[in-house]
Each structure stands twice: as C-alpha cells, then as structure tokens.
2 protein chains.
Amino acid sequence: MNQEKITINDIARLAGVSKRTVSRVINQSPKVGEQTKIKVEKIIEQYNYVPDKQARGLASSRSYLLGLVYDNPDALYIDDIQRGILEFCSQKGYELVVHPCRYKSPDLNNNVVNFVRRSKLDGIVLLPPASEVDSLADVLDQNSIPYVRLVSGFSEASENFVMSNDRHAAAEMAKYITSLNHQKIAMITGPLNYRSSRERFEGFSNTMQEMGQPLAADLVVEGTNQYESGIEQGRHLLTLENRPTAIFANNDEMASGVIKAAHDLGIKIPDELSVCGFDDNLLASRIIPALTTIKRPVREMAKFAANKLIAKIEGGNPQAISQNCVVHPEIVIRESAGSANKV
Amino acid sequence: MNQEKITINDIARLAGVSKRTVSRVINQSPKVGEQTKIKVEKIIEQYNYVPDKQARGLASSRSYLLGLVYDNPDALYIDDIQRGILEFCSQKGYELVVHPCRYKSPDLNNNVVNFVRRSKLDGIVLLPPASEVDSLADVLDQNSIPYVRLVSGFSEASENFVMSNDRHAAAEMAKYITSLNHQKIAMITGPLNYRSSRERFEGFSNTMQEMGQPLAADLVVEGTNQYESGIEQGRHLLTLENRPTAIFANNDEMASGVIKAAHDLGIKIPDELSVCGFDDNLLASRIIPALTTIKRPVREMAKFAANKLIAKIEGGNPQAISQNCVVHPEIVIRESAGSANKV
DNA sequence: TTAAGCTGTGTTAGCGTTAGCAACTAACAA
DNA sequence: TTGTTAGTTGCTAACGCTAACACAGCTTAA
C-alpha cells in the first residue's frame with residue numbers, strides 16, 4: 001500500500017528501455033514494437049505505476065482536470081450531472097473540479113476564464129442557465145478553451161452542445177393533458193429570457209394550438225421557477241372567475257407551489273385540478289399527491305457531455321466531437337393529474 | 001484578456017531580481033527586503049501574473065487541490081457542503097475535486113487512496129457515512145494524507161473532526177414534543193450502525209427518560225433512512241392498537257414517508273398526529289404540511305472543515321488544527337407538529 | 001548495388017516552479 | 001583593519017514527464 005514513489009525512470013530501467021519508450025507506451029503511441037509494448041506494460045502493471053499528473057501536465061500543458069461550471073439551484077440535478085460526468089471521465093483519467101458561479105454577474109466571463117487558467121483545466125462543461133450565455137462561449141472560444149454546453153433545444157450547430165428536447169417533451173405533455181379531456185388549461189412559464197423556459201412554453205403552447213385548443217391569453221403567466229412564485233401564480237390562476245382545471249408548470253418547484261396554493265384554497269387534486277411539472281426532482285415523488293412530471297435523462301446528458309469534451313480535448317475522434325447529442329425527456333405519470341370528467 | 005503566458009522569469013527580469021527572490025515573494029518568505037518585496041509585488045500585480053500550479057506542484061509536491069469524498073444520497077447536503085468549502089478554499093487558492101464513492105465497498109480504502117494519489121491531492125474532506133469508517137482514516141494516516149471528517153458527535157479528539165451535536169438537537173426535539181403534551185411518542189431511528197443515527201436516538205431517548213417519559217420499547221423502530229422505510233415503519237406504528245400521537249423520524253426522508261402513510265390511513269396531521277424530522281432538506285418546507293425538523297448549519301461545518309484541512313496542509317496555525325469544531329443544529333418549527341390536546 | 005523510405009528506439013532539452021547552498025552587503029565588534 | 005554576523009539575494013539542480021530530433025536497422029525500388 002505504502003510503496004515508494006516510482007517514476008518513469010524506474011519503469012524504463014526495469015524494462016530495459018528508454019523513458020521515451022515508456023512514455024510512448026503510456027500515451028499509446030502507435031510507433032512502439034509489439035513486444036516492447038507488452039514488456040513495458042507488464043512492468044507498469046507489476047509495479048502499479050501511475051504517471052504523475054503534474055509532471056505530465058507541465059510537459060504537455062495538460063492538466064487532466066475538467067471543470068463543471070453551474071449556477072443552478074437544483075442540487076439534485078447538479079449531483080446527477082456530476083456523477084454522470086465522473087462515471088465517464090474518471091475511466092479516462094480525468095478528474096472533475098466544481099465551480100458554482102453567479103451567472104448574472106457582470107464578471108462571469110472573467111471569473112470562468114480565470115477559473116480555467118488558474119488550474120489549467122483542459123476543458124469545462126457549462127450547465128444551464130450559465131450555458132445559455134453566448135458571450136461566455138465567445139470568450140471561451142477566444143481563449144481556445146474547450147467546452148460543452150448543456151442546453152434545452154434541438155436545432156443548433158451541435159459541436160459544442162448537448163441538447164435536451166424540452167420542446168418535444170412539453171408537446172407530449174400537451175397531448176397527455178388534452179387526452180384527459182381538460183378544456184381550461186393554464187401554463188406557468190419560467191422566466192422567458194431562459195431558453196429552457198421558451199422551449200417548454202412554445203412546445204406546449206404550439207401543440208395546444210395545433211390540436212385546436214389554443215391557450216387562453218389570461219391562462220398563461222410567467223413565473224420565476226421558484227416555489228413561492230408557484231404559490232403566487234397558482235393562487236392567481238385558481239381565483240380566476242373561470243379557473244383552469246389543469247395547470248402545467250415550467251418546473252417541479254413551481255408545480256409544488258401550485259399544489260400548495262390549491263391546498264390552501266381547498267381545491268382537491270387531482271379531482272378538481274390537475275397539476276403537472278417538469279424535471280422530476282426529489283420533490284415530485286415525495287409530495288402528496290405525487291407529481292406527474294417530465295424526466296430528463298440527466299445521466300445520459302452528462303455522459304454525452306463528458307464524451308464530447310474529452311474528444312475535443314484529445315483531438316481524435318472527430319465524429320464524437322460533431323455528434324449530434326439530443327436527449328428526449330419523458331413523461332412520468334403519477335397522481336397529480338387526472339381526468340377532467342370527474343369534475 | 002488573451003495575454004501571452006508570463007512566467008516567473010519574466011517577472012524576475014522585469015523587476016530586476018532573480019527568480020529565487022520572486023519565488024520568495026510569492027511564498028511570503030520573511031527573508032526579503034521590504035523594498036524588493038514591494039517592487040516585485042507591483043510587477044506581479046501589473047502583469048497580472050499567477051504562478052503555474054502544476055510547476056509549483058511538481059517542485060513542491062503540492063497540488064493546491066482538495067478532494068471531497070462522499071456517499072450521501074442527500075444531494076442538497078452535498079451541494080451545500082461543496083459551496084461552503086469552495087467559499088473558503090478558493091480564496092486560499094485551492095480548488096475542489098469531487099469524488100462520490102460507495103462507502104460499503106470493500107475497496108473503499110484503496111479507491112480513496114488512489115483518488116488522492118492520482119491527482120496528488122493535498123488533502124480530503126470526508127462526509128458521512130464514509131467519514132465514519134475508521135479503517136479509512138487509518139489508511140489515510142498511514143499514507144500521511146491530510147483529511148478532515150464531518151461526523152455527528154461531540155466528544156472525540158478533535159484534530160481530524162468537525163462535529164455536529166445531533167445528540168443535543170435530538171434532546172431539544174424531545175423537550176419540544178413533550179412540551180406539546182404528547183404522551184405516546186414514537187421514534188423511527190436510522191440504521192444504528194451509523195454514528196449519526198445512534199447520536200440522534202440516544203439524545204432523544206435519554207432525554208425522554210430524564211423527563212420521566214421513557215420511550216416504550218414497541219414505539220422505537222429502526223428504519224433505513226429512506227422514504228419507503230418511513231412509509232413502512234409509519235404504517236406499522238400507526239396501525240398499532242394504541243398508536244402514537246407523535247413520531248420523530250431520524251431524517252426528513254423518513255418523516256415524509258410517515259406523512260404519506262398517515263395520509264393513506266386518513267390520519268390528520270398535525271391534529272391527530274405530529275411528525276418531526278431531521279435535516280431540513282428541500283422536502284421539509286415543500287411538503288404539506290410543512291415539516292417541523294432540525295436544521296444543521298451545513299455551510300458553517302463546511303467552512304470549519306476547509307479551514308482545518310488547509311491549516312493541516314500548510315502546517316501553520318496549530319490552533320486552527322486543534323480547534324474544537326462543534327456545530328449546533330436547531331429546531332425549525334413548521335406545521336407538522338402540534339399540541340396533543342386537540343385530539 | 002545504392003539511395004530512399006520506414007520503423008522503432010534513444011538522447012536530451014525543456015515545461016515553470018521550489019529550495020539548498022553559496023555569496024554578497026552593510027554594520028558592528030574586536 | 002579584519003572578522004563576524006545578520007540580512008538579503010542569486011545560482012542552479014531537481015521535480016517527472018513530453019516531444020523534437022537523431023539515428024540505427026531493415027525493407028523496397030531503381
């Protein structure tokens with residue numbers, strides 16, 4: 001367990017080759033004789049040798065460190081992403097350095113660039129909403145820092161993106177709610193300067209329209225994605241003269257707020273009101289009644305991101321770099337939505 | 001923004017001193033003339049020079065990287081801890097590398113040691129329950145890897161610990177519930193092989209006894225800390241012939257389960273049953289009725305841990321190293337617990 | 001036969017720091 | 001004056017690795 005530190009020189013000596021050759025083996029250079037390679041690998045294995053990351057980095061100006069930049073209140077999402085990235089990158093020899101930030105800060109770009117500079121990170125993964133800041137991406141490009149952005153959407157040039165087709169999922173939700181025979185359907189959107197909010201809103205709204213049931217203007221309100229906002233907008237909608245029988249909220253936090261508001265007003269869910277959310281976070285399954293919502297394949301997104309980022313860093317595998325990574329969230333049916341006929 | 005990389009040599013040349021002197025200034029060596037120091041600092045400032053971490057690390061066998069090792073399902077807790085540590089350590093020039101693990105794995109010790117070795121981490125923070133594994137701590141000691149353990153407790157030698165006095169908090173909870181005039185009080189403990197579970201249980205149980213209302217043996221059951229376990233044990237307790245009027249669960253997840261069970265059985269909370277949890281995680285405030293629970297000052301713990309770890313790494317500040325860091329969780333009163341008189 | 005091309009391998013100069021050792025300076029005592 | 005000392009400062013060898021370059025040995029084409 002507590003072996004002395006053994007270096008590339010030791011391996012070279014032990015294997016009877018030069019350290020250049022050992023280096024070649026480590027870095028999987030093709031120009032090594034088959035037997036030499038096997039011999040060296042055997043010694044490496046035997047002595048449990050692991051190349052020193054710092055020395056490697058100093059010489060090759062690489063750090064084998066990836067950064068995760070985020071400003072997202074949903075800790076569960078973050079945690080899932082972290083695990084997803086790590087699953088992939090640790091087996092490739094990379095580690096993950098975390099960096100929460102304030103995405104609204106005017107200093108964001110500098111902050112992130114300095115973060116990368118400070119530890120010579122090889123690349124970073126950007127989570128929403130920080131991933132939606134184009135100026136950040138520009139600055140990263142200018143500094144030739146490899147990065148991948150996780151965003152809601154499905155159409156852009158895919159090189160630096162991993163996308164979640166929230167629009168499609170929201171459309172599915174529109175169909176689902178309609179299939180429950182609801183007539184008066186409301187939506188609480190997220191802040192419409194967020195891409196994800198727009199995608200979800202448009203997916204939902206357009207589909208309702210296509211199905212011949214366009215959303216009434218007074219039944220679409222904008223929230224902040226926070227619980228309190230859900231309560232507030234929920235209360236507003238539910239005290240309308242002709243209140244909706246179904247409310248689709250931009251995320252689970254706000255959906256919980258709606259449920260709270262309904263509860264306070266004595267409105268029964270799902271008998272008198274159906275509520276649906278988006279995210280499938282911890283709350284969704286714990287709340288009573290359990291929330292019908294939409295689940296994103298977060299782990300999968302994280303793996304896509306890690307794969308793409310490492311491909312960019314290591315230069316090889318051009319198809320992994322340009323691969324179009326779009327992921328499809330799906331409806332999770334629980335108890336908070338029911339047929340409108342019961343009313 | 002996109003300046004050429006500038007090194008210690010440039011600074012030395014610009015300042016008209018040797019790089020040895022610049023190095024002294026950077027590392028705050030006392031043996032530098034006051035004017036020289038000022039001169040060099042000015043140049044450093046002017047050129048926005050930041051020493052290269054890898055080169056530094058190679059030369060001094062330091063990495064300026066801290067590790068966070070955890071196997072905790074509570075993502076909110078993790079997130080809070082991460083932010084707390086970062087707040088402190090980034091201003092000291094350290095970054096945080098995350099490492100989820102399986103604390104039950106027989107390979108845990110090796111896994112963690114290799115994690116540290118791989119990136120030459122300067123030290124690690126251990127979160128419960130991994131922090132409770134003594135053999136891990138031993139191995140870390142053997143490999144002289146600096147570490148700090150976050151645990152529930154308050155009495156041990158404090159050098160490697162940051163402690164949360166869960167026992168005291170649970171005692172407070174006992175007093176609070178008793179003050180509500182409950183007679184039949186139950187507790188769902190966590191797995192009793194966890195230190196935190198024992199602390200909470202003993203704090204609660206002992207205090208009840210001291211107040212002349214010892215817990216009935218059949219009203220103490222052991223859960224797994226998971227939601228499903230809360231449902232199961234909650235159902236069990238609530239279908240007892242002489243069911244309790246108050247249930248204290250080892251954590252919020254299980255408390256939510258109890259609420260679910262009560263709901264399914266048509267038992268009104270808090271009128272017919274009071275439920276209390278521990279953690280104050282996201283659920284606690286979102287659930288209906290909102291959960292009366294206990295909140296740990298997580299950020300504070302994280303800062304203590306970072307401070308202690310860095311003090312250990314840098315060798316200085318012996319009082320920070322030996323400082324007894326005990327933190328006191330506090331009751332958060334919400335809606336899930338009420339007076340027993342109403343029944 | 002010879003030149004040219006490939007392969008596989010070794011030699012070695014960095015990469016940007018730290019830190020051991022030596023050396024310089026000024027001041028002060030002898 | 002000379003020696004001693006304390007306070008500063010410089011020189012330079014690591015740290016462990018990568019990669020440019022060189023070169024030997026062998027194949028292939030002319």
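Residue numbers start from 1 in every chain, and the chains themselves are labelled A, B, ... in the order their sequence lines are given, proteins ahead of strands.
Between D52(A) atom CG and dC15(C) atom P the separation is 18 Å, expressed in whole Å. The interatomic distance linking I11(A) (CD1) with dC17(D) (C1') rounds to 13 Å, in whole Å. Per the geometry, CD1 belonging to I38(B) stands 12 Å off P belonging to dT9(D), to the nearest Å. Regarding N9(B), its CG atom lies at a distance of 13 Å from the C1' atom of dC11(D), rounded to whole Å. One can place OH of Y64(B) at 10 Å from C1' of dT17(C), the figure rounded to the nearest angstrom. If you measure from atom CG of L58(B) to atom P of dA13(D), you get 17 Å, rounded to the nearest angstrom. One can place CG of N27(A) at 7 Å from P of dA19(D), the figure rounded to the nearest angstrom. Rounded to an integer number of Å, the gap from E34(A) CD to dT9(C) C1' is 16 Å.
A sub-4.0 Å separation between OP1 or OP2 of dT9(D) and a side-chain N or O of T36(B) is present. Between S23(B) and dT18(C) there is a side-chain N or O to OP1 or OP2 distance below 4.0 Å. The phosphate of dG10(D) (OP1 or OP2) has a side-chain N or O of T21(B) nearer than 4.0 angstrom.
In this structure, the nucleotide among dT9(C), dG16(D), dG10(D) sitting nearest to the side chain of R24(B) is dG10(D). Taking only side-chain atoms of S18(B), from C-beta outward, the nucleotide of dC11(D), dA19(C), dC21(D) with the closest atom is dC11(D). For I8(A), the side-chain atoms get nearest to dC17(D) when compared with the rest of dC17(D), dG10(D), dG16(C).
Annotation: cation-pi geometry satisfied between R62(A) and Y64(A) (NZ/CZ under 6.0 angstrom from ring centroid, within 45° of ring axis). Remark: K308(B) is not positioned above the aromatic ring of Y147(B), lacking an NZ or CZ atom under 6.0 angstrom from the ring centre and at most 45 degrees off the axis.
Within 6.0 Å of the CD atom in Q35(B), the count of heavy atoms belonging to other residues, nucleotides or ligands does not exceed 12. E45(B) CD: 12 or fewer foreign heavy atoms inside a 6.0 Å radius. Enclosure of atom NZ in K37(A) is not indicated, since only 12 or fewer non-hydrogen atoms of other residues, nucleotides or ligands lie within 6.0 angstrom. Within a 6.0 Å sphere centred on NZ of K39(A), heavy atoms belonging to other residues, nucleotides or ligands number more than 12.
The residue R56(B) sits close only to the backbone: its heavy atoms come under 4.0 Å of sugar-phosphate atoms, none of a base. Nucleic acid contact for S61(A): none, since no nucleic acid atom lies under 4.0 Å from a heavy atom of the residue.
Nearer the 5' end of DNA chain D, as judged by each residue's closest nucleotide, is the contact made by A59(B), out of A59(B) and V22(A).
R56(B) and N27(B) share a side-chain donor-acceptor pair at under 3.5 Å.
Contact of K19(B) with dT17(C) (side chain to base): a donor-acceptor pair of N or O atoms is detected under 3.5 Å. With hydrogens and angles ignored, no donor-acceptor pair under 3.5 angstrom links the side chain of R20(B) to the base of dT12(D).
Of all the heavy atoms in G67(A) and L96(A), the pair that sits closest is C-CD2, 4.0 Å.
The C1' atoms of five pairs define one axis at each end of the helix from dT1(C)-dA30(D) to dA30(C)-dT1(D), and these two axes lie 60° apart (to 10°).
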